[in-house]
Amino acid sequence: MPEYVASAIEPKWQRFWEERRVFERRPGDSRPKYYLLEMLPYPSGDLHMGHMRNYTMGDAVARYMRMRGFNVFHPIGWDAFGLPAENAALQRRTHPRTWTLNNIARMKEQLQRFGYSYDWSSEVSTCEPEYYRWNQWFFLQMFKRGLAYRKKSRVNWCPECQTVLANEQVVNGCCWRHEETPVEQKALEQWFLKITSYVEELLGGLDKLTGGWPERVLTMQRNWIGKSEGTRVSWAVAGTAKTIETFTTRLDTVFGAVALLLAPDHPMVDDLLVGLPGGASIARKVEALRRQSRHAQVVGEVEKEGIFIGRFAVNPLSGEQVPIWVSNFVLMEYGTGAVQAVPAHDQRDFEFAQKYRLPIRVVIQPREGKPLLPSTMREAFTGHGRMVDSGPYNGMGSEKALEKMTDDLVAPGKAERLVLYRIKDWGISRQRYWGTPIPVVYCDACGVVAVPEEQLPVRLPLEVEITGTGLSPLLNVPEFLNTSCPTCGKAARRETDTMDTFVDSSWYFYRYLSPREEKGPFDAATVEHFFPIDRYVGGAEHAVLHLIYCRFWTKMMRDLGVVSHNEPVTRLFNQGMVIKDGAKMSKSRGNVVSTDEMIEEYGADTARLFTLFAAPPEKDMEWTDAGVEGCYRFLQRLYRLVAKHAPRLREVPLTAAAAVPAKPGTAQKLNAQERQVLRKAHQTVRRVTTDFETRWHFNTSIAGIMELINELYALEPLEEAVSPAVLKEALAMAVLLVSPYAPHIAEELWEKLGQAQSITETSWPSYDPELAREEEYEIVIQVNGRVRGRIRVSGDLDEKELLQQALADAAVARLMSGQRVAKTVVVPKKLINIVLAR
RNA sequence: GCGGAAGUGGCGGAAUUGGCAGACGCACGGGACUUAGGAUCCCGUGGCCGAAAGGCCGUGUGGGUUCGACUCCCACCUUCCGCACCA
């Protein structure tokens, strides 16, 4: 008996696919296109199970779509710039480039050992000048249009990485790479991309992605953009000519304001203290609040604190004077850095008022329930209702009052309608070596000068010493640093900051279509043909960063005129994580299963099959050695079954399988067992096809194929039970169905069955609905909704006959003795429920 | 607190439209083959009562709708993920 030896089969077929270049895109292919993309890996050194799961899902779909006749484009590349390469270089005394290229070589080999059907001729690596020169080109286009600009700003600084972090890279006030390291603030000249110019479009576009993108991702993007519509209001400072601007979304509550609160960093605080008695001691307290608030962003929520600074502001609608406080919970970064304090109708203000015994003034009464009393309130009422104690607005609905009050303040110029967003422009400057140089020169005479396009790429020099300090190593490379001004020709200095690596990953999937293109970032015609991406598969951790940046990039490119679509990705699939012993696989937890060991012990097909079988793809999956073993056993069973019968079947032509339609009337000539085998086989084709087309639940597809194989084993010896033609058809179907998941064993068995073509050139099997139809059904008999018996009937029984047969059942008859049938409910082919009169 | 997802045997999971709860796999028990079995093949396997026939209970909890609810409605509990003083 031949045994299944994965290590003998897999290299053979990998070589076969590679030599024939079967997965490479060919120009002029007229079949309908399908662009299937998985998120490109960072070349960290080893392919881990998370990658493996991602790519196995993608590959199953790629192979399926290819068999369905699509011109599938399925590329892969490397997100090759980034900080870990510098850290590794420091530790191992090597060059970031060497480390990166070695990792790429190693991971590429690992990917190939899994038999993924990538078009390797489209491979892209973002650290190569031929790629990053176009990052620079895009930067210049944006610079020309004012979409890339420089400003001094307080930036997030990770003392561990010694670099600036984007807002998106700050997690709980700490660095996203160093979860224990609080982020500090530092003022630096930085380059920004004006993502806020596209904010409304980025937000509005989310509605159009509904259905194609997971709701979760859309919600996270909406929250991240954080649009809020409100009013900017001017409050006069009593006894001065100064005014303070507040921002509120609830102007309707303004008569309930009992104070005006300033952020500790508000620029007017110091001015207001000048000349006040006791100003010096107040200033000391404010200084303490400032230090605390800078730290508070790091730590999270802290106790609300504040101090009355001895001045009063005039409520622009009521004319009332309220005290001005400085408080630690007002953020300078959002809105105007000043807010009205309305304890009755804002929970934060409520807590603040409790602490400092400020009055609580109710100005909106709920439409239902008991009226609010300041003395008994436990929390703020933030809903809408009826206006009270609000002068001329009393009795109005608060929604209406909000509009009226806004109009009344806007007219005399005391207020302005304002839309605010949480999202900020994208800071892309990094004080790091291993990244794309920003193509800008600083000239004493001409200022900031863009490097002319024809001088691109500005190459990253390779002769550097990585120091690991906060300053870019490029400062120590005179050949790079010192240049001449493109405008006046005098001595000038190059920008030494490099770009955030999220720039690299914002458009890499365009470059795949023409990776060697030299006249532009990509070949426009090819891009037009293949875009948008039909399916993008990757982890949920990129829901806001990468997936907002790349949407921005596409819209920006559309405005440059290099693409014509608005969104890069029509459908997004988020796969779950790989879990072991209850936690995400990670080196620090020591629960990593190596992909190399999996291949050595079981082979790629087993590993691929298990990752798909253990859980539905969108959920986290638990990795268990026992589960892997089970999938290995299944492949062995499949192999033994086909290998045993194949020698007799080599010359038998395939009839119904592989899209050759069955001849009408074939079914009648089959015996009962043949009908049973073909029925199960065709049902399984239907089931697996449906899963691919609708919900990607590969776990149930694989279970279905297992059932088919189990049923065939149950009929052994098959050579006595069914004709060679039927057996060949059933085995061929099983092999074709398993091929997207376990492609190597499938090719091997396909060959053993005498099929000359590779599966990659074979069509997906179609099923014959007539053959898949059940001839007999087991009907469940319920009495009063409880299962009391079951009978076998052929499909075309009407309700009357069915009831008759049901009543003939001994158990049912006993239960019904002496009782009257009130009604019967029949579900065709499934059950009959007899309801007795009470 | 807000937003999202989820809760089913010893375990991973299945049940596609309100219609047999537990497919498939693991683990476990029994048997066959065997010098041997940690290989392979076959049978069994939600809980309780029962010798059996059979009965009762059972999808996080409590209600409801229905002939019939894992599935729909209401209230609640728990877990995971994301955001979190955004005015």
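Naming: A, B, ... by sequence-line order, numbering from 1 per chain.
In this structure, Phe634(A) atom CZ and U40(B) atom C1' are separated by 17 Å, rounded to whole Å. Note: NE2 (His697(A)) to C1' (A14(B)) measures 11 Å, nearest angstrom. Computed from coordinates, the Phe613(A) CZ to A23(B) P distance equals 12 Å when rounded to whole Å. Across the protein-nucleic acid pair, Ile548(A) atom CD1 and G82(B) atom C1' stand 13 Å apart, rounded to whole Å. Distance Gln636(A) CD to C26(B) P: 12 Å, rounded to the nearest Å. Rounded to whole angstrom, the span from the CZ atom of Phe610(A) across to the P atom of G13(B) amounts to 10 Å. Protein atom CD of Glu629(A) is 12 Å distant from nucleotide atom P of C28(B), rounded to whole Å. At whole-Å resolution of the value, CD in Gln782(A) and P in C20(B) are 8 Å apart.
Among the atoms of the strands shown, none is found under 4.0 Å from any heavy atom of Pro214(A). Counting any heavy atom pair closer than 4.0 Å across all strands shown, Glu618(A) reaches no nucleic acid atom. At a threshold of 4.0 angstrom between heavy atoms, the contacts of Asp349(A) with the nucleic acid are absent. Nucleic acid contact class of Thr248(A) (heavy atoms, under 4.0 Å, all strands): sugar-phosphate only. Glu622(A) comes within 4.0 angstrom of nothing in the nucleic acid, heavy atoms only. Nucleic acid contact for Gly630(A): sugar-phosphate only, since backbone atoms but no base atoms lie under 4.0 Å from a heavy atom of the residue. Within 4.0 Å of Val835(A), counting heavy atoms only, lie sugar-phosphate atoms of the nucleic acid but no base atom.
Across all strands shown, C56(B) pairs with G47(B); the Watson-Crick or G-U wobble distances both stay below 3.5 Å. Nucleotide G68(B) forms no Watson-Crick or G-U wobble pair with any nucleotide shown, as no partner meets the under 3.5 Å limit on both distances. Nucleotide A75(B): paired with U61(B) (Watson-Crick or G-U wobble, both distances less than 3.5 Å). Both distances falling under 3.5 Å, in either a Watson-Crick or a G-U wobble arrangement, occur for no nucleotide opposite G38(B). Base-pair partner of U16(B): not found among the strands shown (Watson-Crick or G-U wobble, both distances under 3.5 Å). With a cut-off of 3.5 Å on both pairing distances, the Watson-Crick or G-U wobble partner of C26(B) is G10(B). Remark: C2(B) base-pairs with G82(B). Criterion, Watson-Crick or G-U wobble with two distances under 3.5 Å.
Distances from the side chain of Val780(A) to the nucleotides A87(B), G25(B), C20(B) place C20(B) closest. Checking A87(B), G13(B), C67(B) against every side-chain atom of Lys823(A), the shortest atom distance belongs to C67(B). The Val330(A) side chain lies nearest to A87(B) when the options are A23(B), C83(B), A87(B). The side chain of Lys304(A) approaches C85(B) more closely than any other nucleotide in the set C85(B), A87(B), G13(B). The side chain of Asn833(A) sits closest to G19(B) out of A87(B), G19(B), C20(B). Proximity note for Thr700(A) (side chain, C-beta onward) versus A14(B), G19(B), A87(B): the nearest is A14(B).
Within the 4.0 Å cut-off from OP1 or OP2 of C26(B), at least one side-chain nitrogen or oxygen of Arg633(A) is found. At the phosphate of A14(B), neither OP1 nor OP2 sits under 4.0 Å from any side-chain N or O atom of Arg687(A). Close to A23(B), at under 4.0 Å from its OP1 or OP2, lies no side-chain N or O of Asn710(A). Note on Arg640(A): a side-chain N or O is less than 4.0 Å away from OP1 or OP2 of C41(B). Side-chain nitrogen and oxygen atoms of Ser228(A) include at least one within less than 4.0 Å of the OP1 or OP2 phosphate oxygen of A87(B). For the pair Asn699(A) and A14(B), the criterion of a side-chain N or O lying under 4.0 Å from OP1 or OP2 is met. For Arg637(A) and G25(B), the shortest distance from a side-chain N or O to OP1 or OP2 is not below 4.0 Å. The side chain of Arg222(A) places no N or O atom within less than 4.0 Å of a non-bridging phosphate oxygen (OP1 or OP2) of G4(B).
Nucleotides U59(B) and G64(B) are separated by 16 Å at their P atoms, to the nearest Å. Between G63(B) and A14(B), the two C1' atoms lie 29 Å apart (nearest whole Å). For the P atoms, the distance from G55(B) to G1(B) is 48 Å, rounded to whole Å. Here, C81(B) and U45(B) have their C1' atoms 36 Å apart, quoted to the whole Å. Taking atom C1' on both nucleotides, C74(B) is separated from G82(B) by 28 Å, rounded to a whole Å. Nucleotides G46(B) and C33(B), compared at atom C1', are 32 Å apart to the nearest Å. Taking atom P in both U40(B) and G25(B), the straight-line distance is 13 Å, to the nearest Å. For the P atom pair drawn from U66(B) and U71(B), the interatomic distance equals 16 Å after rounding to whole Å.
Classification of Arg417(A) and Glu229(A) as a salt-bridged pair fails, no side-chain N sitting under 4.0 Å from a carboxylate O. Between Glu707(A) and Lys680(A), at least one side-chain nitrogen of the basic residue sits less than 4.0 Å from a carboxylate oxygen of the acidic one, meeting the salt-bridge criterion. Here Glu716(A) pairs with Lys644(A) in a salt bridge; the nearest charged N to carboxylate O distance falls below 4.0 Å. Remark: Arg687(A) does not engage Asp691(A) in a salt bridge, criterion side-chain N to carboxylate O under 4.0 Å.
The two residues Pro214(A) and Leu572(A) come nearest to each other via the heavy atoms CD-O, 3.4 Å. Heavy-atom minimum distance, Leu206(A) versus Leu202(A): CG-O, 3.3 Å. Minimum interatomic distance between Phe502(A) and Trp426(A) (heavy atoms only, all atoms of both residues): CB-CZ2, 3.7 Å.
Cation-pi contact between Arg637(A) and Tyr713(A): present, with separation from the ring centre below 6.0 Å and deviation from the ring axis of at most 45°.
An anti orientation is assigned to G47(B), its glycosidic angle lying beyond 90° of 0.
Comparing Val827(A) and Met220(A) against RNA chain B, the residue whose closest nucleotide sits nearer the 5' end is Val827(A). Nearest-nucleotide assignment on RNA chain B puts the 5′-proximal partner with Arg695(A), out of Ala714(A) and Arg695(A).
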Item to complete: Take Arg222(A) and Asp207(A) through the test salt bridge (Lys or Arg N to Asp or Glu O under 4.0 Å) and record every step on the way to the result.
Response: CA-CA 10 Å; Arg222(A) 279 189 196 100; Asp207(A) 295 333; 3.2 Å; yes
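No hydrogens or angles considered: nothing links the side chains of Trp235(A) and Thr243(A) as a donor-acceptor pair under 3.5 Å.
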